[in-house]
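Here the structure is laid out as structure tokens; the discussion comes afterwards.
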Amino acid sequence: MNYIKYSYCLLKYKHTPIIDESLNIGVLCYVENSHRFYFKSYKNLTRVKHAYQNVPEKTLREKIGIVSKKVDRLNKYGVGIFSLLYDFKDFIYEEFIDYDSTILQFDKFETTTAYNIDEIELIDMLCNNFIIDNYKENIYKAKEPLLIQKVFNKIENIKKFKENYIFYEHYDIKNSLGTKIPFDFAWQNGTFNLARAISFDLKEESSIIEKAYKNFGQFVDLNDYHYRFDALLAKPSQRNLFKTYDNIVELFNKYDYIKVVEEDEIDDYVEDFMISSIKRR
């Protein structure tokens, strides 16, 4: 009976050490029969960028590239005395990524045997089990663009509106440190209003809380400039996360410089700012 003895681990992206949440983005496998490493990862990082804000895409790609090059080097020059008698986990951390890596982490170390399968089929099986299924389960379609499109669709002629009224798309504000903080659009009536779409349609409570406090922190940071912040919110799809969302809405509503606009309120919100916006001189 043909068999393959192998060890594998998953390469995970961890956006922040604060919350216990990660996404599988790669599989690293060592086949003892051939003394060969295999590494497969997603080249398209769209789902990571949709799930989290401010993903360090360049750094992430560089680190994935380092892993890929290391695998090529080990396969070219051999792995010396390494075998599954050596602790696979220690070897991976020694050769690839340090234990304290906060962006990419190896996890779920396993050593096992597969029967009646070749090495290519083995790698495909691992990808199907841990990457593709994980992708289908965790894929997050960003709702922010849909919220903004709903606003613009309500304005019959956005180009004409911008010409006649104080209204800006993709508006950035610098904080006291000179850091640019982006907003989806800005408009003016009695106050200068900075609008941002924020979708809380996420999978984990901890991710919703982190996203809420990140946005809230930016609003507080800019509050000294006397802006009003219009938070256009999308609620979670999962009922078990409704309470978390309600708590966030309650938090935002405590501050008079934050205006909460839930998804079903967008039409009324747009009608209001179209009527009250200040015309350009």
Side-chain angles (χ1 to χ4, degrees), residues 13 15-16 21 23 25 42-58 60-61 134-163 165-173 179-188 192-219 222 227-238 241-242 244-245 248-249 252 258-274 277:
Y13 171 74
H15 187 65
T16 171
E21 182 178 276
L23 291 176
I25 62 172
Y42 275 117
K43 292 181 172 61
N44 189 335
L45 300 176
T46 299
R47 75 185 181 100
V48 178
K49 292 185 287 184
H50 281 175
Y52 303 103
Q53 292 184 328
N54 299 323
V55 172
E57 183 176 0
K58 182 179 178 181
L60 191 54
R61 290 188 183 281
N134 176 266
Y135 173 79
K136 291 177 180 177
E137 179 181 345
N138 290 291
I139 188 168
Y140 162 67
K141 184 176 181 179
K143 282 191 174 180
E144 283 87 352
L146 300 178
L147 295 175
I148 298 304
Q149 191 59 50
K150 192 171 182 179
V151 171
F152 290 169
N153 288 344
K154 186 69 176 177
I155 303 173
E156 293 182 2
N157 189 328
I158 186 71
K159 183 178 179 181
K160 185 175 180 181
F161 187 79
K162 289 194 295 184
E163 289 174 352
Y165 293 89
I166 299 177
F167 182 90
Y168 307 94
E169 293 183 68
H170 309 300
Y171 196 85
D172 293 344
I173 291 290
T179 302
K180 286 185 178 180
I181 299 179
F183 290 86
D184 295 301
F185 61 90
W187 62 284
Q188 186 164 0
F192 194 73
N193 310 298
L194 301 168
R196 175 183 291 170
I198 309 169
S199 174
F200 293 115
D201 191 13
L202 304 173
K203 296 289 185 182
E204 302 290 337
E205 180 184 34
S206 56
S207 299
I208 292 174
I209 293 171
E210 182 195 23
K211 191 170 185 178
Y213 275 94
K214 178 176 181 179
N215 282 276
F216 177 70
Q218 291 182 344
F219 298 160
L222 295 172
Y227 300 121
R228 191 186 78 182
F229 305 97
D230 297 350
L232 283 58
L233 307 184
K235 69 189 305 180
S237 299
Q238 298 178 182
L241 297 173
F242 285 179
T244 302
Y245 172 79
I248 291 166
V249 171
F252 282 10
I258 301 177
K259 179 178 177 62
V260 171
V261 182
E262 297 191 74
E263 193 168 359
D264 60 357
E265 300 172 331
I266 286 179
D267 286 354
D268 291 339
Y269 165 75
V270 176
E271 289 179 4
D272 177 65
F273 83 60
M274 287 181 69
S277 290

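Atom CZ of Phe242 has more than 12 neighbouring heavy atoms from other residues, nucleotides or ligands inside a 6.0 Å radius.
For the pair Phe252 and Ile258, the tightest heavy-atom approach, listed with the atom from each and the gap, is O-CB, 3.7 Å. Looking at every heavy atom in both residues, Met274 comes nearest to Ile155 through SD-CG1, 4.0 Å. Across Lys259 and Tyr269, no two heavy atoms sit closer than the pair CE-CD1, 3.9 Å.
Taken to the nearest 0.5 Å, the CZ atom of Phe200 stands 4.5 Å off from the CD1 atom of Ile248. The distance from atom NZ of Lys143 to atom CG of Asp201, rounded to the nearest 0.5 Å, is 4.0 Å. The CG atom of Leu146 sits 12.5 Å away from atom CG of Leu232, with the distance rounded to the nearest 0.5 Å. Residue Asp267 holds its CG atom at 10.5 Å from CD of Glu265, rounded to the nearest 0.5 Å. Taken to the nearest 0.5 Å, the CG atom of Asp184 stands 11.0 Å off from the CG atom of Asp230. Atom CG of Asp172 and atom CG of Leu194 lie 10.0 Å apart (nearest 0.5 Å).
In this view, Tyr245 satisfies the ring pair (Phe, Tyr, Trp, His ring centres under 6.0 Å) rule with no residue, not counting sequence neighbours.
Within the 4.5 Å cutoff, no side-chain heavy atoms of Thr244 are placed close to those of Pro236. Side-chain atoms of Leu202 and Gln238, non-hydrogen and from C-beta on, never get closer than 4.5 Å to each other. Between Asn193 and Phe273 the shortest side-chain heavy-atom distance does not fall below 4.5 Å. Side-chain contact check for Lys211 versus Asn215: some heavy-atom pair is nearer than 4.5 Å.
Under the 3.5 Å distance criterion, the side-chain polar atoms of Arg196 are left unmatched by any main-chain donor or acceptor of Phe229.
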| said: Could you walk me through whether Phe183 and Tyr227 satisfy the ring-ring contact (aromatic ring centres under 6.0 Å, His included) test, starting with their C-alpha distance in whole Å, then the side-chain angles of each, then the deciding distance to 0.1 Å, before giving a yes or no? | reply: CA-CA 12 Å; Phe183 290 86; Tyr227 300 121; 8.0 Å; no

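Remark: Glu263 does not engage Lys235 in a salt bridge, criterion side-chain N to carboxylate O under 4.0 Å.
Among the candidates Tyr171, Trp187, Phe167, the single residue satisfying the ring-ring contact (aromatic ring centres under 6.0 Å, His included) test with Phe192 is Tyr171.
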